[in-house]
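Notes follow the structure.
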Amino acid sequence: MSLHQLVGHGDIRAALARANMRSSLPSALLIHGPRGVGKQRLALWIAQLVMCEHPTDEGPCSACTACRMTLAVEHPDLHWYFPVPRPKGAGQRLVDALEEARGQGLLERRNTPLRPSYTEELRGLYLGTVQNIRRRAHLRPTMAEGQVFVIGDAELLIPQESSPEAANALLKLLEEPPGAARFILTSSESGRLLPTIRSRTIPLHLSSLPTGQVATFLQEHRGAAADVATWAAKLSQGSIGRALAFLPDGDEMGQLEALRRKAFSLVSAALAEGPTGGYTAALAFPASGARGLVDLFAFMEEWLRDLGAVAAGAGQSVFNEDARPKLDEIVSRTGLRAPDIALAMSQVEEARQLALGNVNPQLIVSGLVRRLRKTLVPKRMGGVRT
Amino acid sequence: MNFTITRQNLHSGLAAVSASIPSKTTLPVLSNILFEAKEDGVWMSGTDLDVAVRVKVPADVKEAGSLTAPGKKLVEITRELPDQPVEVATRNEQIELKCGRSHFKLNGLPAEEFPTLPEVDFSEGWTVTGKDVNGLIHRTAFAVSTEESRPILNGVLWELRDGSMRMVATNGHRLARMGVPAESKGAPSADFIVPPGALQQVQRLFKDDDSLEVARSGNHLGFRAGSTEVYTRLIEGTYPNYDQVIPRDNDKMATIDKKALESAVRRMAVVASDQTHRIRMKFEPGRVHLNVMTPDLGEGHDEIEVGYDGEELEIGFNANYLLEVLRYMPTDEVQVAFKAPERAATIEPVGEELDYLCLVMPLRLLD
């Protein structure tokens, strides 16, 4: 199998190709931007560019041996690292197990190059991962002039709050790459990277793709029907990776669509009659693995934003266009006010921070729903809003 | 590709190459051995990307060609085959083996997917004997650091000069250095930092009476003797100036029977702390006292006779480092040289003209 086609970002690619011809590509890059817009794919394209035997101003030739091996993710000097679930073990055994897990991940990526940018698994880039990178980086390259290390979702170098060991271990390599080694980090939450990592890399921002381009890609490469492709493209907000996760998988709804609905049910629980909605909703979550809530809260923020838009009379700008009638009905039934919704959004953000700190998910959810309820549904006394 | 080969040759070729195949890999093709049938025989290659092994074995080649096939499975199959000629052929991306009534077909991968092995020009390099290289590796590689915090120390420094060569390895606490004469074919002096895994392959594949050609090409170092070749990636960077830490002014010398010292240190090590492995050695004329005291465990004392006539001196060592160094000393007697309790001690063989020196850093004695 070969990597899927890189979509969009033509201007950035042209600038990178020109920089490569001038030998002025930085040795440490940080590609950041929304999730699923092709950051890791662009990083692999850069790897192909610098290892290509006949590069031009327009990019790699895609025909030489180095290009073919890179496109098959089989070039011995290309090392692609991405977050993996933490295997059991300690010391050298853990380091080996992490490399094995990466091997398994690479196999999956070779077999299915086009993958949704969402997973429910708890993953990270651990100290053992960086130890593997460090060992490889100090060996001279096999075929190319220099090795290229692509580190995807680099914000997970801090797998949970107060665990910056892996990120710290990478600093020295970024500052003084051994030989001609290059490091390309990607992140959709670059604010969560250590400032010392950000300061050692040259940032490169990737924007969202036009919705039309995403829809066309889904039709051409996933055989999605035009209306489904347009629906998923709009919800993805210009991200192919996210759009793929909205598409139905056989008879089952897409993972992100399921999450979006779950987020809506939490917002509904906060607006429902009766005070026990939060507790009932919380019981549907496990007692550990709070990081899994981060994406859920992003959807809750979207729903609240849409309710705010409708409440402020700007219903035409909602993200969740397919739910517009439902949003109208909620606002007219509950009399939601935009300022309350703005406050509720800040409460979701606070819950998101708790989730990053690995607090019990059930406690976070029940507390959040209770607070939202207090904010959005003020007590009524004798029909007078207090 | 089509060739007939004796089971013995096929098995010896596969056995030589298969040790370089990684048991787990991120590149599926690395689990395979590359077969290249040419007019003069069949080349087999295997690599884990750090080290590559290539051997040529005699075979009756009917049709030239190349393919990669699963290495471990081929070794297992060949081991069990009857002692008869083996006919090897490829059909599309499958390799077929026929031997007597046994017949196997294994799925392979195209040769183009196999990483290109480095091209090394052996005409400009060094010629060394297998005995010299194996000796250097044996007596130095044990001292390589296994900690990844300083990757440069994870390799053996190999200094090749006009007329001599030297290997050095250290982990910062103990060091081993050995030199031997060597013949250069006009190649300039060079320093390489070689991963110990590659040197293990060299030790395994080349015999003492082999004449070894060694040459460098860019990022790789190549070894060749007869129809066996080993290539290794080198470690990036500059090796620390080890010469600075080797003391020149150690004026107190003790000549000690190696076996007696080894067994005394081993006895003391039993009671030494699991963390520091610290033992205390008190030298006095004609005698060394070995002491160990571990607060939660107890204490031990031993003494052996030594050739020493200097002033009394007490010095601490990590017993494990001391034992390791003694294990590789080639003579029955060793000379331990030191100056003060906080200065590095050196250990050298006695009785043989060998350029071999080990250094052990002392441990601080608290009281």
Side-chain angles (χ1 to χ4, degrees), chain A residues 1 53 64-66 68-69 71-82 84 91-92 95-111 127-147 168-169 172-173 176-181, chain B residues 20 22-32 34 45-52 68 109-120 144-155 191-198 216-222 231-239:
Chain A
M1 288 297 288
E53 291 158 22
C64 65
T65 308
R68 279 191 289 105
M69 291 181 113
L71 285 169
V73 200
E74 284 178 353
H75 197 294
D77 294 318
L78 167 64
H79 307 288
W80 184 9
Y81 287 81
F82 35 78
V84 294
Q92 189 56 41
V95 173
D96 294 342
L98 282 166
E99 194 59 5
E100 203 178 326
R102 185 175 80 93
Q104 190 60 37
L106 279 174
L107 196 64
E108 288 165 11
R109 279 161 177 77
R110 285 190 195 106
N111 292 336
L127 181 62
T129 312
V130 179
Q131 286 173 340
N132 277 320
I133 294 175
R134 198 148 60 177
R135 189 189 68 77
R136 283 183 185 282
H138 279 87
L139 285 169
R140 289 170 182 258
T142 302
M143 287 169 67
E145 281 183 20
Q147 303 190 83
N168 279 326
K172 184 77 177 161
L173 281 176
E176 292 172 17
Chain B
S20 65
S23 52
K24 287 163 189 163
T25 174
T26 52
L27 282 182
V29 76
L30 297 187
S31 306
N32 287 10
L34 171 67
S45 311
T47 180
D48 63 357
L49 294 181
D50 294 344
V51 184
T68 75
L109 287 167
E112 299 79 56
E113 289 190 20
F114 200 79
T116 323
L117 295 186
E119 284 174 18
V120 174
V144 161
S145 168
T146 51
E147 288 175 19
E148 54 79 49
S149 54
R150 294 177 72 190
I152 208 105
L153 298 185
N154 295 155
D191 290 355
F192 308 118
I193 306 170
V194 192
R216 180 191 185 160
S217 159
N219 298 318
H220 294 84
L221 194 64
Y231 300 96
T232 175
R233 281 209 277 174
L234 294 167
I235 294 176
E236 193 84 59
T238 311
Y239 205 79

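This one's a predicted model, so the numbers in the text were calculated from it and none came from an experiment. FYI, side chains are in, hydrogens and waters are out, and symmetry mates aren't considered; it's all heavy atoms of this structure. Chain letters run A, B, ... following the sequence lines, proteins first and then strands; every chain starts at 1.
The choice from A:Pro141, A:Pro76, A:Gly179 that makes the most heavy-atom pairs within less than 4.5 Å of chain B is A:Pro141. Contact count versus chain A (heavy atoms, under 4.5 Å) is highest, among B:Glu236, B:His220, B:Glu112, for B:Glu236. For chain B, the option among A:His75, A:Met69, A:Met143, A:Arg134 with the highest count of heavy-atom pairs below 4.5 Å is A:Arg134.
Heavy atoms closer than 4.5 Å to chain B are found in the side chain of A:Gln147, but not in its backbone. In this structure, chain B has heavy atoms under 4.5 Å from both the backbone and the side chain of A:Leu139. Interface remark: A:Asp77 contributes side-chain atoms only to the contact with chain B (heavy atom separation under 4.5 Å). Contacts of B:Pro115 with chain A are made by both backbone and side-chain atoms, with heavy-atom separations under 4.5 Å. The parts of A:Glu99 that come within reach of chain B are both its backbone and its side chain, each placing non-hydrogen atoms under 4.5 angstrom from that chain. Residue A:Glu100 touches chain B through its side chain alone, counting heavy-atom pairs closer than 4.5 Å.
Surrounding CD of A:Glu53 are more than 12 heavy atoms belonging to other residues, nucleotides or ligands, all under 6.0 Å away.
A donor-acceptor contact shorter than 3.5 Å links the side chain of B:Arg233 to the backbone of A:Arg140.
Using a 4.5 Å heavy-atom cutoff, the side chains of B:Asp50 and A:Arg135 are in contact.
A pairwise comparison of heavy atoms in B:Leu27 and A:Val73 identifies CD2-O, 3.8 Å as the closest pair. Closest of all the heavy-atom pairs between B:Glu113 and A:Glu74 is OE1-OE1, 3.6 Å. In this structure, B:Asn219 and A:Ala144 approach most closely via the heavy-atom pair ND2-O, 4.2 Å.
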